[in-house]
Structure formats: C-alpha cells, structure tokens
Amino acid sequence: MSDRVKEVVPDLIYAIRSTLKKHGVTFEEYGAAMQYLIRVQETGEVPLFVDAFFNATIVEIDNVTREGTQADIQGPYYLNSEAYQIISERLPHRPIDENAQDMVIRGQITDTDGNPLAGAELDIWHSTPDGLYSGVHDGIDAKYCRGRVITDAQGRYSVKSKLPVPYQIPNQGPTGELLEQHLGRHSWRPAHIHFWARADGRRDLINQAYFENGEWVGDDCCETDHLDLVVPELIENGARVMEVNFALDPALAIAAE
Ligand code: MBD
Ligand code: FE
C-alpha cells in the first residue's frame, strides 16, 4: 500500500497545485475551500461527498477488467454486513408501507460462461417508498428494505419488496449546496436497487438496477453512466418485476508479494 501511496499521492497533489495556479486562486478562496471541507466533516457528509464525486470513477476503473456484469457505485448507505438477515420470501417493510406498490426482484447469478452459481450470496438494499434509507434516515430501523438472499441449485433467487422511488440525496448540507448552487446541477438519483453479489472463487460485484423510463435515469447526480442494468417494465399480479441477472468474473489473483 505504501508504494501505491508514493505513486498516487504526489500526482494528486501536483494536479491540485496546477489547478490552483491555472485559476490564480487567492488566499481568500483558499480559506473558503478550507471552511467548506470543515463543514463536510462537521455535517457527517464525508462519505456522501466522496461518493457523489468520485465513486463512479473508481467503478469505471474497476470495470475495465470485468468481462461479466459491470459494477456500479456502492453509495454511502450499505451499513455493515450484520444488517443483512437471510431472507427467503420478502424484505421487511415498515407497517406504514403495507399498501405501497409491490415489487419482485428475481434473477440468476452465473459465472462468465453462463454456468449457474448455486449458494451465491446477494445483499439487497433500497430506499423506502418515500425515499429514505433504513438505519440512516429518520430513525428507521435498519432491518427494513434490506436483506440477503442465497441462490438455489440453478443459481436463481427471488424476493418480494416494496417499490423504491427517485431519491434526492440530502441537499441541505455542503454536498447538495455544491451540486445545486455552485455546479448548477441537481441532487436527484433515479429510483434504484443496490446489490452486492458474492460467490466462492468469483470476484465480488457491487451494482445497482434502475427502472426503464424512470425519472432521472441517465441524469444521475452521482454520474453513473454505464446503465447496463436498466430493467424493462414488467408487471405480474400487480407487482413490478425486476429481473436482474449477474455474471460474476473469476476472483482476481492475489498479487504476488
Ligand atoms: C444513495 O442512495 C446512493 O445510492 C448514492 C450513490 C449516493 C447517495 C445516496
Ligand atoms: Fe442508493
């Protein structure tokens, strides 16, 4: 790691210095930028800020070496692995969401040759039908709209839940302020479902599925642009079906010391 730090950090510092010089940044502006970073820290928005501006770039780099399903950004609201109970039927939802639109998330996990991966683990998380994340916003219990499914002998999984909606990242803090007031952008993400797939001998895959024709698809404030998991509209027995298949690359070889 320390070799990588020596390799990357000097370039990063050089890139920032050249930008400051190019624009003739003043002491006053330098101070304002410092105050801004302090606010990002004080409002607890470091993960949101970093993910909003840089997560998509790391994903882009990671995807260059993937042959199977492309990765997408994880976002700041995964929570730790203990928040994911094994689910066989339905992700828990709040009693007040009982009448929200039903959704079925189902599909198959295979290797890159199309062979089914039985016993693969898939962590699923998404917002409530009113755009909040459990364990993060408004004191909502962390168990809602999250769960882990295990694929069957054919590599298949199927789980019910309630439909998420387009999601506005917190826009009252410094991250939203930068997006909306200074960069002239907006703070919306298309409705999405997050996934983290794992299987023995395969490379982990974190990605997201989006809803075809959904608002903000292709105009995401977090700049996800490779939209290979935009799922066509399908309704079965009143439930929106999200058919999401994953092809997992072989695990990366551990680099020799
Ligand atoms: C989210 O729900 C999200 O998925 C991302 C990437 C950033 C902020 C909130
Ligand atoms: Fe999200």
Side-chain angles (χ1 to χ4, degrees), residues 39-41 43-63 69-81 83-84 91-94 97 100 103 105 122-148 159 161-180 183 185-197 204-212 214-231 240 242 244 246:
R39 269 205 298 136
V40 174
Q41 161 65 17
T43 52
E45 286 194 1
V46 171
L48 179 68
F49 177 85
V50 175
D51 280 347
F53 294 102
F54 303 108
N55 198 334
T57 305
I58 303 297
V59 165
E60 207 179 307
I61 298 163
D62 182 81
N63 277 334
T69 307
Q70 296 274 285
D72 198 347
I73 64 182
Q74 178 176 338
Y77 303 142
Y78 172 70
L79 304 184
N80 56 28
S81 160
Y84 296 81
L91 303 188
H93 58 258
R94 297 174 300 180
D97 295 328
M103 167 172 74
I105 312 167
L122 184 65
D123 289 352
I124 303 176
W125 70 106
H126 61 76
S127 79
T128 61
D130 53 350
L132 302 169
Y133 276 87
S134 71
V136 179
H137 303 123
D138 293 2
I140 301 170
D141 194 293
K143 68 174 180 267
Y144 295 125
C145 302
R146 296 180 193 272
R148 174 171 298 163
V159 68
S161 195
K162 295 290 184 181
L163 202 70
V165 290
Y167 174 81
Q168 188 170 33
I169 69 167
N171 72 335
Q172 300 306 307
T175 308
E177 176 189 303
L178 183 59
L179 280 171
E180 292 181 4
L183 301 178
R185 306 220 317 249
H186 61 74
S187 50
W188 288 89
R189 300 210 61 225
H192 59 277
I193 303 167
H194 295 270
F195 298 95
W196 185 337
D204 276 29
L205 176 66
I206 294 173
N207 64 9
Q208 303 184 30
Y210 304 92
F211 298 78
E212 188 171 72
E215 205 181 354
W216 308 110
V217 171
D219 183 20
D220 184 346
C221 69
C222 293
E223 297 177 77
T224 55
D225 53 3
H226 51 84
L227 294 167
D228 50 341
L229 291 183
V230 179
V231 181
R240 172 71 156 93
M242 289 297 276
V244 191
F246 308 94

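Just so we're clear, the structure is a prediction, and the values are computed from it rather than from any experiment. Ligands are counted one by one from 1 in listed order, and the atoms in each one are counted from 1 as well.
For L48, every heavy-atom contact with ligand 1 shorter than 4.0 Å involves the side chain, none the backbone.
Using cut-offs of 30° and 60° for the angle between ring planes, the H194 and W125 rings count as parallel. Using cut-offs of 30° and 60° for the angle between ring planes, the W196 and Y78 rings count as tilted.
Of the possible donor and acceptor atoms, none in the side chain of H137 sits under 3.5 Å from a partner among the backbone N and O of G131. Looking only at distances, no side-chain donor or acceptor of R189 sits under 3.5 Å from a matching main-chain atom of C222. No donor-acceptor pair closer than 3.5 Å links the side chain of R240 to the backbone N or O of L163. E45 places a side-chain N or O within donor-acceptor distance of the main-chain N or O of T175, the cut-off being under 3.5 Å.
The shortest contact between atom 7 (C) of ligand 1 and any protein heavy atom is with P76 CD, 3.4 Å. Residue, atom and distance of the protein heavy atom nearest to atom 9 (C) of ligand 1 are Y167 CE2, 3.3 Å. Counting protein heavy atoms only, atom 3 (C) of ligand 1 is closest to R189 NH1, 3.5 Å.
Near C222, meaning under 4.0 Å from any of its heavy atoms, are these atoms of ligand 1: 6 (C), 7 (C). When each atom of ligand 1 is checked for a heavy atom of I73 under 4.0 Å away, the hits are 6 (C). Short contacts between ligand 1 and G75, defined as distances under 4.0 Å to a heavy atom of the residue, involve ligand atoms 5 (C), 6 (C). Of all the atoms in ligand 1, the ones that sit under 4.0 Å from a non-hydrogen atom of I169 are 8 (C), 9 (C). In the vicinity of Y133, heavy-atom distances shorter than 4.0 Å reach the ligand 1 atoms 2 (O). Annotation for ligand 1: atoms under 4.0 Å from non-hydrogen atoms of H194 are 2 (O), 4 (O).
Taking any N or O of Y77, backbone or side chain, none lies under 3.5 Å from an N or O belonging to ligand 1.
Using modelled atom types and a 3.5 Å distance limit, the side chains of Y144 and D97 yield no donor-acceptor pair.
Ion pair R94/D138 not flagged as a salt bridge, since none of the NZ, NE, NH1 or NH2 atoms sits closer than 4.0 Å to an Asp/Glu carboxylate oxygen.
Backbone or side-chain N, O or S atoms of Y133 reach the Fe ion (ligand 2) at under 2.8 Å.
Few gaps surround CD on E212; more than 12 heavy atoms of other groups in view lie less than 6.0 Å from it.
Rounded to 10°, the angle that NE2 of H194 and NE2 of H192 form at the Fe ion (ligand 2) is 90°.
Heavy-atom separations between Q74 and ligand 1 are all 4.0 Å or longer.
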